[in-house]
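Below, each value reflects all heavy atoms present in this structure, side chains not excepted, and no hydrogens, waters or symmetry copies. Chain naming here is simple, since letters A, B, ... match the order of the sequence lines and numbering starts at 1 in each.
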Amino acid sequence: MSLGIDCLPQRILCAFALLVANGTAHATERPDCSRPLSLALHEHGLLYSRQTGGGIDKDFADELIRRSGCRINVTVMPRARIWQLIESGGLDFSLSGIANEQRLLFAAFAWYFSNKYYLLVRRDAGVQKVEDFVRNPQLRLGAIRSFRYSPSANRLVDALDADLRVSHSTGLAPLYATLLANQIQGMIVEPFDYPALESATIREQTAILEFDDPAVPHGLIMSKRALPLQEQAKWRALVDSMRADGTVERIFDKYFKPELSRAMTRF
Amino acid sequence: MLLTLSVGLASLALTTWLWQHEQRSLEANLRADFDFSVRQTTSRVEQRIAAYEQILRATRGLFDASDRVEERDFQRFVNTLANGSEFAGLQAMVFTRSPTAVSPADAVAALRVGSKPDLPLQASADLNGVAPITYVAPDTPINRQVLGRNLFANPLRRDTMLQARDSGDIAITPRIDLLMDDPASQPAFAIYMAIYAQGQPVDTPAARRASLRGWVHVAFRLHDLMASLYGESTPGIALRIYDGIRTEPDNLMFDSHPETDAPTPLFQATEYISFPQHAWTLQIRSTAAFERRHERDSARIIAFAGASVGLLLALLTWQLATGRARAYKHARRMTRELRDSEERMRHMAQHDALTQLPNRALFADRLNAALALARRDKTRASLMFVDLDRFKPVNDVYGHAIGDRLLVAAAARMRECLRESDTLARMGGDEFVVLLPHIETDHDAERVAERIRTALARPFLIDTHTLLISASIGIGIFPDDGNDHESLIKSADDAMYRAKDSGRDQLIFASGP
């Protein structure tokens, strides 16, 4: 075998090199398009809006379809339903997903951006720090069912949920409305929610608190049940190539200021 | 006692801990079950809406597949779709042509619906802003009535239709009245989806607006939708659905348990189902049936059994801890009883049962001891035989009971005449003996004997009877009248008989005449 690597002295390194070479070989191949694939979007701020029919995820999906040459049926559904279908293998892909231990059992990821999470609270709730929110039993949090966040935000949501202090929603829009109606006093937001946060009514009535967590990587969600390992590697390579040639950053530039899109896509 | 208390308290603490643990576990199970019910309830409503979306997409497929879909094609297609029980709640599938494709005649007809046919249209009537219903299926008399109705006349419908047109996706109206229903009957909704011209770009809202061909929509009553949900509803879960995010009575569209309104349900959750520009609020409450379904007696059993076992343990500990002390106490009581019993037996063996005076056996012992002492000390002692005179007639006349009481009274009088160191014994019948273990002279014995004779000569009052008796006393002196007990007794006994023979009521010395 001629790989241009001297294999004799360090067999372990050699084996690793072979593995990498093998992975690269898969990655350079085009994904298997012999059947129509499925990708689900969920409505969430700048990621996708049913109102406009566009968003970051929509653009990303279009580029994925273009590069792969595959036929991918794109649908819109609640996030909780998406995770159920990814787990059962009824859906091949979704976008902007974050991993946790449980999700890694049934989903693989190809990262293409990262972002931080923030707690949006009503100014009249008397919350100066994230901990204040937990301490006041009168305060309720709104959350999208099945959503996960950064570790500190997850802890907050789980603690409040255990106290029956979380109202769940299938989408983001009712949460803003209930926050303004003071039916909930806080919700967790991320940069995709900035346009909503910039509306005058929300800006006047709310404050943003930062969680003390690093940015959490988001990526293409692939159903392990629907896609074999080799196919996952090919799709991951495709996403990597979109990052490498600046396509991902260009998509984000359409929606964010350049410095923010750079911070989100170069991690 | 401290140990018992400690064991009791430890058992109680363990029971309390177990009880609390069981309570917590029950509550956690209840909570998990309620959470599951909430997710299931929300998910079933969502899936039903998704099913309506699917048939709208299928209908859009029909229009995408053909440039010209005739009413007959539409009817056949919808009839095939509606054959499935899945769409039992579906009232009508409606196709409405884009306002730009409506002929002026149809637009005028649509604007005239509901007004008198001969009245002229208002000058401001906008023939381009009219969206009359083109096809409606299934073809029923009620559904046919809505053909030609202008959907844009209702601002809620109009906004939703324009939203569906711009997004290319479904759009759901807020609460409306169905076209075929009486106003303000049951809460109803319509879901719209736009249909675009074949081969035209639809990637932007502007492009979608330009290539609009029309809309398909389904209308349904919420009660029909809820009735057609898959599977049984979760027992013990009450569901209310509100239009919008405010849970006010005016917004209430569906209530699974209208008659029950528990003020404080154990669990209550609020969930929002999000539609574009619109939301439903699902208020989900646990009812008493939910709590009953999960009712288990384990916590109560643990509390009761734990308290009982704790009590028993404490009792057992008390038994063990105090066993030795209680055994000692018991043994002491038994020993005392045994000793008393022995004492009684000994007394009975040595005393006369009637007068409690020493009997013949005890007297013999005392006599021997007294004589031995006197012999050693070379002192004198006296032995007297006292026989009651005229006792037998008392017995015969008044009976044995009176006779016995007389004997007791006589014994008491005799005892009073003696020193403590002297012995009075009953030998049997009316015969007594007196031992004076130490006398200086014979006169000492005579004085005592005389005192006895005098005492017994006084009348006795027994019940109401005055009884008169006397005593014949024979006195023997040691060592003069006998050097041992036998000879002394014999001497005294003889003397007593002599006294009797000499006329009774007198005393005679053995050595006397």
Please list every donor-acceptor pair closer than 3.5 Å that links chain B with chain A, giving the two atom names and the distance for each.
| from | atom 1 | to | atom 2 | distance (Å) |
| --- | --- | --- | --- | --- |
| B/R31 | NH1 | A/D161 | O | 2.9 |
| B/R31 | NH1 | A/A162 | O | 3.0 |
| B/R31 | NH2 | A/D161 | O | 2.8 |
| B/S167 | OG | A/R50 | O | 3.3 |
| B/D169 | OD1 | A/R50 | NH1 | 3.0 |
| B/R208 | NH2 | A/T52 | O | 2.7 |
| B/I245 | O | A/Q183 | NE2 | 2.9 |
| B/T270 | O | A/H168 | N | 3.4 |
| B/E271 | OE1 | A/R145 | NE | 3.4 |
| B/E271 | OE2 | A/R145 | NH2 | 2.5 |
| B/Y272 | N | A/H168 | O | 2.8 |
| B/Y272 | O | A/T170 | N | 2.8 |
| B/Y272 | OH | A/Q183 | NE2 | 3.3 |
| B/S274 | N | A/T170 | OG1 | 2.6 |
| B/Q277 | NE2 | A/Q51 | OE1 | 3.2 |

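If you measure heavy-atom distances from B/L282 to chain A, you find no contacts under 4.5 Å at all.
With sequence neighbours excluded, no residue forms a ring-ring contact (aromatic ring centres under 6.0 Å, His included) with A/F211.
Residues B/I245 and A/A181 come closest through the heavy atom pair CD1-CB, 3.9 Å.
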